[in-house]
Amino acid sequence: MAYASVRTLSPADDGKEVSVAGWAEDIRNLGGIVFVILRQREGTLQLAARKKENPPIFEALAGLVRESVIAAKGVLKANPQARNGWEVFPTQVEVLSRAEAPLPLGVVDKVGADLDTRLDNRVMDLRKPERRAIFHVRDLLIGGIREYLHRHGFVEVTTPKLAGAGAEGGATLFRTDYFGKVAFLSQSPQLYKQMLMATGLDRVFELSPAFRAEPSDTVRHVTEFLSFDAEVAPIRHQEDFLKILEGCVANAIASVREHGKPYLDLLAADPKAPSLPIPRVPYSEALDLLAVEGKNLRDGDDLDTEAEKVLGRVMAAKGHDLFFLVEYPSAIKPFYVMVKEDDPDVSYSFDLEYKGDEMASGGQREHRYDRLVARMKGVGLNPEAFEFYLRAFRYGMPPHGGWGLGIDRLVQKVLDLPNIREAILFPRDRNRLVP
RNA sequence: GCCCCGGUGGUCUAGUGGUCUAUGAUCUCGGUCUGUCGAGCCGAGUGCUCGGGUUCGAAUCCCGACCGGGGCGCCA
């Protein structure tokens, strides 16, 4: 007999013989009767045994160690006193995997635990439904992104995560040995997805890990994160794909709102659906908005954390959790960005801000070979080291653009999680490499 | 990497020089209890991050290391 899920059983199954398996979450021995709360993926159910009616089963249940995995076969009885309105009186109980005691981290203990302790014991931590709910929401967000892009003619691709050269400079790369040569862990699929724009595979997206050896130590940085990158060609201007990005994010949040109700309830979260179009705020206008709030930045400066938060509050007050910051200064953007024809200090680039945090950044790329090489030299990069990349621009490269978006941050912000690590199963940071 | 704060049983916490044979909870074990669902009641068990130093005496003060929390920088 296959093991039944708590979801498929009901009081209507009264009198039926069932087989169930799960974790023994709690054992309540009242002397003459014992109750065991059995936890499964989709919920909990109750096993019960009376000492007078079945002494061996009573002893078997009463003697269980919490969090052991057990299987029980018995008769389902409808009972309004029991959770779900029914319970199982076993005739057979088998311990499939005995848990050690004490637990390194209680699943239903009445005391909390620090995030660090929880991550050290992530398996135990993830036994809590509210922790797993985060990853169901994450799954829904990613599903919403995939679904939207497929509907708009995109192809999902994967590009190398081991590379012989860095993508953009600036961010630090993890170095590794590659049969005696130096190799790097990919910090971004940027160069590869751009190269694809010269192939006809020119509406692509990728969901893959990115690695940054930056010694960042904050609630929104990790060294390995899931990057959602997309690139589109041919385009006339940035607006051609900003529409796609906002549609994508809206669809992802809609997907969570539509299919993730139980998870959102468990997490006491209720993410707002953005109203489209998401506002485009030019950098210069952002400086003005900040000045009104008493936060003065010099023209050309990148927004610091405080400015980002203040701007986030200003826009939230206008009803916008999400907004695009467009027309960034060229100087604080990577070499591959396209600069404005009539004002080279300003670039065709953007950041997507969500609740005071940078969610995505992107822009139109420089597709003209000579200008691209000139910009590379301008930021101190050696074009010869990027020959594999530049070659794609010499034989017909359409105008293109795209973005990179941090999935972990998206999950964090959608659910208002205090730390990005909550949104990652086994996060990697400056100090954590295990588990 | 920088600034501030911290590290006490498996877990979470009280304790700022002697009154600490270290508080409480949770947990574990034993007992009790025939409807629990944060089960109750009784009893027991488990601990001052590591290394140096100050002092008659250190969980408590000082130095270092490691680790953690918050913030900044950097970015997704």
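Keep in mind that what you see is a predicted model, and the values were worked out from it rather than measured. Below, chains carry the letters A, B, ... as their sequence lines are ordered, and counting in each starts from 1.
- Spacing between atom CD of A:Glu306 and atom C1' of B:rC3 amounts to 16 Å, rounded to whole angstrom units.
- Set against B:rC72, B:rG70, B:rC37, the side chain of A:Val219 has B:rG70 as its closest nucleotide.
- Taking only side-chain nitrogens and oxygens, A:Arg28 never comes nearer than 4.0 Å to OP1 or OP2 of B:rG35.
- Candidate nucleotides B:rA76, B:rG35, B:rG73 were compared by shortest atom distance to the side chain of A:Ile420, and B:rA76 ranks first.
- You'll find a donor-acceptor pair under 3.5 Å spanning the side chain of A:Arg409 and the base of B:rC75, going by distance alone.
- Among the protein residues, A:Ala82 comes within range of the nucleic acid bases, having at least one heavy atom under 4.0 Å from a base atom.
- In this structure, of B:rC33, B:rC12, B:rG70, it is B:rC33 that holds the atom nearest to the side chain of A:Asn29.
- Going from atom CG of A:Asp109 over to atom P of B:rG10 covers 14 Å, rounded to whole Å.
- One cannot find a donor-acceptor pair under 3.5 Å joining the base of B:rG35 and the side-chain atoms of A:Arg83.
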Determine whether A:Lys128 and A:Asp109 satisfy the following criterion, salt bridge (charged side-chain N to carboxylate O under 4.0 Å, His left out), listing intermediate values before the conclusion. CA-CA 11 Å; A:Lys128 298 170 193 163; A:Asp109 286 10; over 6 Å; no

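- Between the P atom of B:rU36 and the CD atom of A:Gln46 lies a distance of 10 Å, rounded to the nearest Å.
- From A:Leu185, atom CG reaches atom CZ of A:Arg212 across 12.0 Å, with rounding to the nearest 0.5 Å.
- Between A:Glu246 and A:Arg280, at least one side-chain nitrogen of the basic residue sits less than 4.0 Å from a carboxylate oxygen of the acidic one, meeting the salt-bridge criterion.
- Of all nucleotides listed (B:rU36, B:rG10, B:rU13), B:rG10 comes nearest to the side chain of A:Pro102.
- Nucleic acid contact for A:Thr44: none, since no nucleic acid atom lies under 4.0 Å from a heavy atom of the residue.
- Counting non-hydrogen atoms under 4.0 angstrom, A:Gly112 reaches the backbone sugars and phosphates but no base.
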Is there a side chain to side chain donor-acceptor pair (under 3.5 Å) between A:Glu147 and A:Ser255? Walk through the geometry before answering. CA-CA 10 Å; A:Glu147 191 266 333; A:Ser255 162; over 6 Å; no

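- Base engagement by A:Val222 is indicated by at least one non-hydrogen atom pair under 4.0 Å involving a base atom.
- Proximity of A:Thr117 to the phosphate of B:rC12: a side-chain N or O atom is located under 4.0 Å from OP1 or OP2.
- Atom P of nucleotide B:rG73 and atom CZ of A:Arg220 are separated by 8 Å, given to the nearest angstrom.
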Please step through side chain to side chain donor-acceptor pair (under 3.5 Å) for the pair A:Gln194 and A:His400, ending with a clear verdict. CA-CA 8 Å; A:Gln194 279 192 263; A:His400 62 278; 2.9 Å; yes

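- A:Ile37 comes within 4.0 angstrom of nothing in the nucleic acid, heavy atoms only.
- Judged by atom type and distance alone, A:Thr305 does not reach the base of B:rC72 through any side-chain donor-acceptor pair under 3.5 Å.
- If you check every strand for non-hydrogen atoms under 4.0 Å, A:Pro215 touches a base.
- Among the atoms of the strands shown, none is found under 4.0 Å from any heavy atom of A:Gln412.
- Atom CZ of A:Arg151 has more than 12 heavy atoms from other residues, nucleotides or ligands within 6.0 Å.
- A:Asp116 comes within contact range of the sugar-phosphate backbone alone, with a heavy-atom separation under 4.0 Å but no base atom that close.
- Contact annotation: A:Asn431 reaches the phosphate of B:rG68 (side-chain N/O to OP1 or OP2, under 4.0 Å).
- Annotation: A:Lys161, atom NZ; neighbour count of heavy atoms from other residues, nucleotides and ligands within 6.0 Å is above 12.
- Distance CZ (A:Arg66) to C1' (B:rU28): 9 Å, rounded to an integer number of Å.
- Within the structure, every side-chain polar atom (N or O) of A:Lys110 is placed at least 4.0 Å from both OP1 and OP2 of B:rG24.
- Aromatic stacking is not marked for A:Phe35 over B:rG35, as the cut-offs of 5.5 Å for the centres and 30° for the planes do not both hold.
- A heavy atom closer than 4.0 Å to some atom of RNA chain B occurs in no member of residues 118-132 of chain A.
- Rounded to an integer number of Å, the gap from A:Leu325 CG to B:rC75 P is 14 Å.
- Distance NZ (A:Lys51) to P (B:rU36): 18 Å, rounded to an integer number of Å.
- Protein atom NZ of A:Lys309 is 12 Å distant from nucleotide atom C1' of B:rG73, rounded to whole Å.
- If you check every strand for non-hydrogen atoms under 4.0 Å, A:Asp26 touches sugar and phosphate atoms only.
- Residue-level contact check: A:Tyr328 touches neither bases nor backbone, having no heavy atom under 4.0 Å from any strand.
- Contact annotation for A:Glu87: base contact, defined as any heavy-atom pair under 4.0 Å involving a base atom.
- The existence of a salt bridge linking A:Glu25 and A:Arg127 is excluded, since no basic side-chain nitrogen approaches an acidic carboxylate oxygen closer than 4.0 Å.
- Within the structure, a side-chain polar atom (N or O) of A:Ser361 is placed less than 4.0 Å from OP1 or OP2 of B:rA76.
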